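Shown next, in structure tokens, is the structure this report addresses.
For clarity, every value in this text was computed on a predicted model and none was experimentally measured.
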Amino acid sequence: MSEHPDPRPRDHTDAVQDIARDLAEVAAQISTFKGEANAYLADPRYNPLRHRLEIAHAAVEAAAVEARRRVRLNESR
């Protein structure tokens, strides 16, 4: 018999919480990129890049919100 008990199995709530946390970090990084793009890429030629960063940031934020919503739903069960 081992000295330490086996860790509990990882469930979906744990996985979703980790994903939500990771998505928040990604959103923060993209937000930093957006700030740098706005500060340094004033030339209109870079508008597509700024637009793509905005879309990516919005998508990651939406995914993080959905992950947090699912965690709350699972906790209420």
Side-chain angles (χ1 to χ4, degrees):
M1 183 171 228
S2 68
E3 191 174 306
H4 302 287
D6 291 333
R8 70 179 175 85
R10 184 173 167 91
D11 65 8
H12 295 296
T13 301
D14 292 338
V16 173
Q17 285 175 334
D18 290 345
I19 290 168
R21 199 172 302 116
D22 293 343
L23 287 169
E25 290 177 21
V26 170
Q29 289 175 340
I30 292 174
S31 182
T32 300
F33 296 150
K34 282 176 36 185
E36 291 175 5
N38 289 331
Y40 295 107
L41 305 177
D43 189 318
R45 292 180 297 169
Y46 295 110
N47 283 344
L49 173 61
R50 287 196 300 275
H51 184 66
R52 287 171 51 191
L53 284 170
E54 183 65 38
I55 291 169
H57 187 240
V60 170
E61 286 288 339
V65 167
E66 178 63 14
R68 288 190 296 269
R69 184 186 72 79
R70 289 181 185 219
V71 168
R72 284 192 306 276
L73 286 175
N74 287 337
E75 287 175 348
S76 66
R77 289 183 185 174

Interatomic distance, CZ@R21 vs CD@Q17, rounded to 0.5 Å, equals 6.5 Å

Above 12 or not: heavy atoms from other molecules or residues under 6.0 Å from CZ of R69? yes

Between the NE2 atom in H57 and the CD1 atom in I55, the distance rounded to the nearest 0.5 Å is 13.0 Å

Separation between CD (E54) and CG (N47), nearest 0.5 Å, reads 12.5 Å

Salt-bridge contact R70-E66 (side-chain N to carboxylate O under 4.0 Å) = yes

Which of L53, N38, L49 passes side-chain contact (heavy atoms from CB on, under 4.5 Å) with F33? Answer is L53

